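Here's the structure we're looking at; comments come further down.
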Amino acid sequence: MEASKNTMVVKVIGPPYASCSRRVLACLIEKEVEFEIIPIDILKGEQKSPEFLKLQPFGVVPVIQDGDYTLYESRAIMRYYSEKYKSQGTDLLGKTLEEKGLVEQWLETEGQNYHPPIYNLILHLLFHPKLGFPVDDKIVKESEEKLEKVLDIYEERLSKSKYLAGEFFSLADLSHLPFTHYLVHDIGRAYLIRNRKHVSAWWDDITSRESWKKVLQL
Amino acid sequence: MALKLYGIPMSTCTARVLACIYEKNIQFQLVPFNLAVGEHKQPSFVAKNPFGVIPVLEDEDLTLFESRAITAYLLKKYKEQGEDLLRLKEGNLKEEAMVGLWTEVESQQYSPATTPILYEYFFAPRRGKIPDQKVIEDGIVKFQKVLDVYESRLSQSKYLAGDFYSLADLHHLSFTLYLMRSPWVSLISSRPHVKAWWECISSRPASLKVVQAMTPAEK
């Protein structure tokens with residue numbers, strides 16, 4: 001890993017194109033928090049080096065270092081910075097206990113229901129071909145079917161609510177950005193989003209945010 | 001008006017919420033629920049949780065699903081009473097974030113690794129299926145790698161997030177209880193620090209109440 005140039009900013013360790021890193025980067029931009037990306041080569045397996053495993057024992061990106069504080073798991077990192085900087089940038093957590101409850105509900109929904117099938121689709125249709133691993137058609141078919149059912153629920157929810165947790169953009173919406181970007185742009189599955197009127201409008205809205213546009217340029 | 005919890009104690013996700021309720025001494029009503037007759041697929045329930053799964057919490061006009069969102073909400077609402085499982089009273093954001101980190105690890109690593117094993121062993125037979133040994137074997141290989149990380153962590157720290165019991169430890173109770181009722185107890189008992197941690201967290205009074213709630217009634 002390269003030596004850091006600046007000890008004052010949050011160091012985000014991981015390549016800027018990695019989906020879980022993008023979650024964190026989008027959040028930091030929304031919260032107007034300065035950061036520095038320390039890229040590591042995950043295609044060469046740098047995340048399994050002993051040096052990296054000391055920071056993140058599961059050997060996956062991202063990890064943040066903030067002075068002498070280290071944190072991993074992208075959703076935990078997002079929650080931390082959203083709380084730490086709650087008085088600046090976009091409010092991503094909700095104001096009342098009830099709003100916070102709903103943000104957590106939909107962020108958990110993303111983590112438990114949306115992420116597993118979409119991750120399988122991206123893994124098999126985008127990463128396996130690049131890495132020379134086989135594509136499991138059965139997993140692809142099952143994952144797409146599962147994701148369709150989840151998206152039907154999202155369609156219903158977003159017909160009543162502008163964003164997932166309510167009428168405000170939150171961590172719950174943001175968490176969906178990176179993997180859905182790959183779904184729409186890189187594996188020919190844009191129809192899953194575009195065939196659903198309210199999901200499609202929501203997708204256009206959240207991807208038009210400056211933070212996301214900046215993340216894609218990093 | 002008391003909180004209403006829709007769910008069944010034998011279900012790991014309902015038990016996760018029960019553990020939190022017991023630690024916080026919260027008054028609540030467990031609404032009887034019948035999965036066997038498909039109550040979770042009825043329109044009246046799907047209106048509460050469109051994913052059609054338990055548990056669901058109702059607190060006056062707020063309805064919440066996803067067990068880990070429910071526990072987070074309860075800990076914030078009742079932060080002044082019972083155990084401070086999110087370090088909110090301490091006001092220590094870094095400790096709260098460590099709880100958040102290990103809560104995510106349970107959610108993204110531990111439970112996804114245990115689920116296929118426990119599903120094949122406990123639940124497949126109830127649906128008339130023979131447990132898939134390959135799924136179990138592959139699951140055990142993955143789970144062992146996760147447990148090795150836990151063993152290392154718990155050799156440096158009494159509990160997962162630090163030297164304090166937290167929501168992160170609590171979230172592991174219900175799945176691990178099932179594991180300890182399966183043929184694969186040695187996965188835990190062969191790792192001295194994981195074993196000590198398990199004995200510690202499962203012997204708390206609130207945890208013992210969960211064990212009791214998750215024990216089927218004698219026939």
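So you know, we letter chains A, B, ... as the sequences are listed, proteins then strands, and number each from 1. The analysis underlying the following values was restricted to heavy atoms, covering all of them including side chains, and did not include hydrogens, waters or symmetry mates. It should be emphasised that the depicted structure is a prediction, and the values quoted were computed from it without experimental measurement.
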Open item on the list: Is Thr70(A) close to chain B through its backbone or its side chain, or both, or neither, when contacts mean heavy atoms under 4.5 Å?
Closed with: backbone

Task: Exceeds 12 heavy-atom contacts within 6.0 angstrom, atom NZ of Lys197(A) - done: no

Open item on the list: Around atom NZ of Lys149(A), are there more than 12 heavy atoms from other residues, nucleotides or ligands closer than 6.0 Å?
Closed with: no

TODO: Could you tell me which residues in residues 66-73 of chain B have at least one non-hydrogen atom under 4.5 Å from a non-hydrogen atom of chain A, sorted by residue number?
DONE: Glu66(B), Arg68(B), Ala69(B), Ala72(B), Tyr73(B)

Task: Over 12 foreign heavy atoms within 6.0 Å of NZ, Lys146(A) - done: no

Task: Value rounded to 0.5 Å, distance of CG in Asn49(B) from OG1 in Thr109(A) - done: 7.5 Å

Task: Residues of residues 102-110 of chain B within contact distance of chain A, non-hydrogen under 4.5 Å - done: Trp102(B), Glu104(B), Val105(B), Ser107(B), Gln108(B), Gln109(B)

Open item on the list: Other residues, nucleotides and ligands only: do more than 12 of their heavy atoms fall within 6.0 Å of CZ on Phe58(A)?
Closed with: yes

Task: Tyr119(A) versus chain B, the contacting section by heavy-atom distance below 4.5 Å - done: neither

TODO: Flag yes if more than 12 heavy atoms outside Lys145(B) fall under 6.0 Å of its NZ atom; otherwise flag no.
DONE: no

Open item on the list: Non-hydrogen contacts under 4.5 angstrom with chain A: give the residues of residues 129-141 of chain B involved, or none if there are none.
Closed with: none

Task: Spacing of Met98(B) atom CE and Leu71(A) atom CG [to the nearest 0.5 Å] - done: 7.0 Å

Task: NZ/Lys162(A): more than 12 non-hydrogen atoms of other groups inside 6.0 Å - done: no

Open item on the list: If I measure from the heavy atoms of chain B, does Tyr69(A) come under 4.5 Å with its side chain, its backbone, both, or neither?
Closed with: side chain

Open item on the list: Sub-4.5 Å heavy-atom contacts with chain A: which residues of residues 150-179 of chain B show up?
Closed with: Tyr150(B)

Task: Contacting moiety of Leu101(B), where chain A heavy atoms sit under 4.5 Å - done: both

Task: Contact class of Asn113(A) relative to chain B, heavy atoms under 4.5 angstrom - done: side chain

- [ ] Under 4.5 Å heavy-atom distance to chain A, tell me which part of Ser111(B) shows up: side chain, backbone, both or neither.
- [x] neither

Open item on the list: Tell me which of these, Arg75(A), Glu104(A), Arg79(A), Lys100(A), has more heavy-atom pairs under 4.5 Å with chain B than the rest.
Closed with: Arg75(A)

TODO: Might you point out which heavy atoms bring Gln105(A) and Leu64(B) nearest each other, and give the distance in Å?
DONE: OE1-CA, 3.1 Å

- [ ] Name the region of Leu102(A), side chain, backbone, both or neither, that has any atom closer than 4.5 Å to a heavy atom of chain B.
- [x] both

